[in-house]
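Below you'll find the structure, written out as C-alpha cells, and then a few comments.
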Amino acid sequence: MSKIYVKQEESLSIKFTHQMKVGDQRRLDLYFFLPKEMGINSQSLDAEEYYFAAIAGRRSYYSSGLHLPLVQGRFISQNKRTVEEFRLYLNLFAYQFAVAIETDSKELAQVEDVEQFYTSLKELSDIVAQLLKKFRRNEPSDPKWKHYFENSDNYLSWFCEQRLLQLISHAPRSSDYNELTEEVLSLCRSERAYREAKNYNSAQTKDDPNRISNKMLLLRRLIQQGVVLKEELKTLGVGLKKLTTGVATGGVMLVVSALIIKAQGVFNGLTLSLVLTLAVIYGFREIFKEDIRNALWRVIQKGRPRWSRILRDTTTQAVIGRQLVWLDFIKSKDLPEQIEEILKRRHSQNKVDSEILHYGIYSRIAQKDFLAGYSTIQEQVNFSLVPFARYLERGRAKIYKESAGQVSYDSVERRYQVNLILMLREGRNPPQYARYKITMNRSTIVEVTESQLPDGMTLIGGEQDSED
C-alpha cells in the first residue's frame, strides 16, 4: 500500500513525501485544523499568497535505497555509453547522494540526546566517506566526460563538508566525544585538501563566501538536470473570473440604471436633489460592486482547483504527469463525513473551534516516457508554518511552586495544537486516512505525532502506529 511520510523539516516547517508509479492516479487532501485562538482565517491569511510564499514542492525520479550507489554498475560500462547517457547517470547518483545526506543531516540536527547524536554523527560521517570513495573509483579518463565528473565531485565534496560542519557547530556540548568530533573534523579537512589538490575552485572563489556559495548553487542545478522534473504551473479560472466580474458589474449596473430612471421620474429636471440622489446611487454601486463580485466568485470557485501543473522530463521534454492543486479555507459543513468521524476521536479538552485550511492535489502519472530504469517519481512538499507563527502570542505566564517555605516559579510558553488529517484516494480503491498532531509555539514546532484512527478506517500505508 502507498505510504505518505509526514515529518518536521525545519524549526517551523513540515514536509510530506510520497512516491507515485507509472500510470498512478492519486488524490491527496490535507486538512489543517487551526484553533480559532490562533487568529488565522481567510481574512488574516490570503490562501494564494500563502501558496506561493510558504509551500514549496520538488518532484524527481526516485529509486529506493538512497544511501547506496544506485548507478554504480552503470559507471562500470561507461565506455559503451554516450556522453549524454554518462552525464545523466552521473547526475542521478550525485543528486540522490546529496538528497540522502541532506535528509539524514536534518533529522540528526533535531536529536537532543547526546549519546544518540554522536553515534548517529559517526555513522553519517562513515557513510559519507564510503560513498565518496566509491564514487571516485570510477573517475573517467576521457576529457569529454571528466568535466561532468569534476563538477559533481566538487559539489558533493563541498556539500558533505558543509553538512558535517553545520552538525558539529550545533552539536550538544560534551567532552566525552571530543575524539569522535575530531574524526569528523578530520574528514572535513581531508575533503577541503582534496578540492585544493584538484584545483576545483580558484583562490578568489575559495576566499569569498558569496562566490563559493553561488558557484555551488550553480553546480547543484547542473546535477539536477535530467533528475528533477520541469514544472509548468498555470493559474486556473482566469477567464471565468473575468466573466464573473462582467456578470457582477452588469447586474449592478442593471439595478443602478433602474434606480436612475426611477429618480428622474421623481425629480423634474436637473435639480440639486436629483444630483445628490444620483451621487448616492453611484456611491452604493462602488461599495457593493466588489462585494457582489467576490461573493459570486466564491460560489463559482468553490470546489474547483486553483492551479494546474505539468511535469516534464528535462531531457526528453516528455510529459511525465499532470496535477491539479486546491488551496482554500473551507467550512466544517463541507468536510467529508469520514474526516468529521476522525475529529470525534479527539479528547474533550482538544475539541475547540477551528478554522480549516484545505490543500488538495490530484496527480495523474503517464503510462510511459519515464527515464530508462525508473518507474517511480517522488514528490516532496514543504509547508512553512512561519506565516502561522506570526499571529501567535508569546508565552509570558509563570507557574509558581513552594518548597521548604521558598516560593519559586517557572516561565511557561504558549503552545498551540494543530490537527492535520490526510485523506488519500488511489484510483477506485477505498480512501485511506492518517491524522497528526502538530504542537507548536511562536518560535518552533515542539513535536509532530501520529494519532490513532477510529475502528474500521484504513491507515495510509498500513497499520496504525501510535495512540491518541
Practice problem: Determine, for Arg312 against Glu231, whether the closest basic-nitrogen to carboxylate-oxygen distance falls under 4.0 angstrom. | Solution: no
Quiz item: Are any of the side-chain nitrogens in Glu340 or Lys333 under 4.0 Å away from the carboxylate oxygens of its partner?
Solution: no
Quiz item: Are Val446 and Met440 side-chain neighbours, meaning at least one heavy-atom pair lies under 4.5 Å?
Solution: no
Quiz item: Looking at OG of Ser152 and CG of Asn154, how far apart are the two atoms once the value is rounded to the nearest 0.5 Å?
Solution: 9.5 Å
Exercise. Could you tell me which residues satisfy ring pair (Phe, Tyr, Trp, His ring centres under 6.0 Å) with Tyr50, sequence neighbours excluded, listed by chain and number?
Key: Phe388
Quiz item: Considering residues at least two apart in sequence or located in another chain, which fulfil the salt bridge (Lys or Arg N to Asp or Glu O under 4.0 Å) criterion with Arg58?
Solution: none
Quiz item: About how many Å separate CG of Leu343 and OG of Ser354, when rounded to the nearest 0.5 Å?
Solution: 8.0 Å
Quiz item: Any sub-3.5 Å donor-acceptor pair from Glu402's side-chain atoms to Gly405's backbone N or O?
Solution: yes
Quiz prompt | Lys/Arg N to Asp/Glu carboxylate O, Asp410 vs Lys401, below 4.0 Å | solution = yes
Quiz item: Taking only residues two or more places apart in sequence or in another chain, which ones pass side-chain hydrogen bond (donor to acceptor under 3.5 Å, both in side chains) with Glu447?
Solution: none
Quiz item: Are Arg364 and Asp24 within salt-bridge range, i.e. N to O under 4.0 Å?
Solution: no
Quiz prompt | Non-hydrogen side-chain atoms of Phe117 and Leu108 separated by less than 4.5 Å | solution = yes
Quiz prompt | Sequence-distant partners of Glu9, salt bridge (Lys or Arg N to Asp or Glu O under 4.0 Å), two or more places apart | solution = Lys15, Lys106
Exercise. Determine the sole option in Phe33, Tyr31, Phe329 for which the ring pair (Phe, Tyr, Trp, His ring centres under 6.0 Å) test with His358 is passed.
Key: Tyr31
Self-check item: Side chains of Ser363 and Gln323, donor plus acceptor under 3.5 Å
Solution: yes
Quiz prompt | Leu167 side chain near Leu124 side chain, heavy-atom distance below 4.5 Å | solution = yes
Quiz item: Is it true that a side-chain atom of Ser186 and a backbone atom of Glu182 form a donor plus acceptor pair closer than 3.5 Å?
Solution: no
Quiz item: What's the spacing between Ile168 CD1 and Leu180 CG if we round to 0.5 Å?
Solution: 8.5 Å
Quiz prompt | Pairwise side-chain contact, Val114 with Asp176, heavy-atom cut-off 4.5 Å (strictly under) | solution = no
Quiz item: Under 3.5 Å, is there a donor-acceptor pair linking the side chains of Gln378 and Ser60?
Solution: no
Quiz prompt | Pairs meeting criterion salt bridge (Lys or Arg N to Asp or Glu O under 4.0 Å) with involvement of residues 156-171, two or more places apart | solution = Glu102-Arg163, Glu161-Arg192, Glu161-Arg195
Practice problem: Check side-chain hydrogen bond (donor to acceptor under 3.5 Å, both in side chains) between Arg27 and all other residues, then give those that pass, not counting sequence neighbours. | Solution: Asp29
Quiz item: Can you tell me if Arg26 and Tyr362 form a side-chain donor-acceptor pair at under 3.5 Å?
Solution: no
Quiz item: Atom CD in Gln8, atom CG in Leu385: separation rounded to 0.5 Å?
Solution: 9.0 Å
Quiz item: Between OG1 of Thr314 and CD of Gln225, what distance do you get to the nearest 0.5 Å?
Solution: 6.5 Å
Practice problem: Decide yes or no for Asn441 and Leu392: does some side-chain heavy atom of the first lie under 4.5 Å from some side-chain heavy atom of the second? | Solution: no
Quiz item: What are the two closest heavy atoms between Cys188 and Leu164, and how far apart are they?
Solution: SG-CB, 3.7 Å
Exercise. To the nearest 0.5 Å, tell me how far Asp153 CG sits from Ile223 CD1.
Key: 11.5 Å
Quiz item: Taking the inter-plane angle between the rings of Phe93 and Phe97 on a 0 to 90° scale, is it parallel (under 30°), tilted (30 to 60°) or perpendicular (over 60°)?
Solution: perpendicular
Quiz item: So do Ile55 and Leu327 actually touch side chain to side chain, heavy atoms under 4.5 Å?
Solution: yes
Quiz item: Do you see a donor-acceptor pair shorter than 3.5 Å between the side chains of Asp313 and Tyr61?
Solution: yes
Quiz item: Is there a donor-acceptor contact under 3.5 Å from the side chain of Trp326 to the main chain of Ile361?
Solution: no
Exercise. Specify whether Trp307 and Phe52 have parallel, tilted or perpendicular ring planes, treating 30° as the upper limit for parallel and 60° as the lower limit for perpendicular.
Key: perpendicular
Quiz item: Is Val381 close to Arg59 at the side-chain level, that is, under 4.5 Å between some pair of heavy atoms?
Solution: yes
Practice problem: Side-chain contact test, heavy atoms from C-beta onward, threshold under 4.5 Å: evaluate it for Phe135 versus Leu156 and give yes or no. | Solution: yes
Practice problem: Decide, yes or no, whether a salt bridge links Arg322 with Glu232 under the criterion of side-chain N to carboxylate O below 4.0 Å. | Solution: no
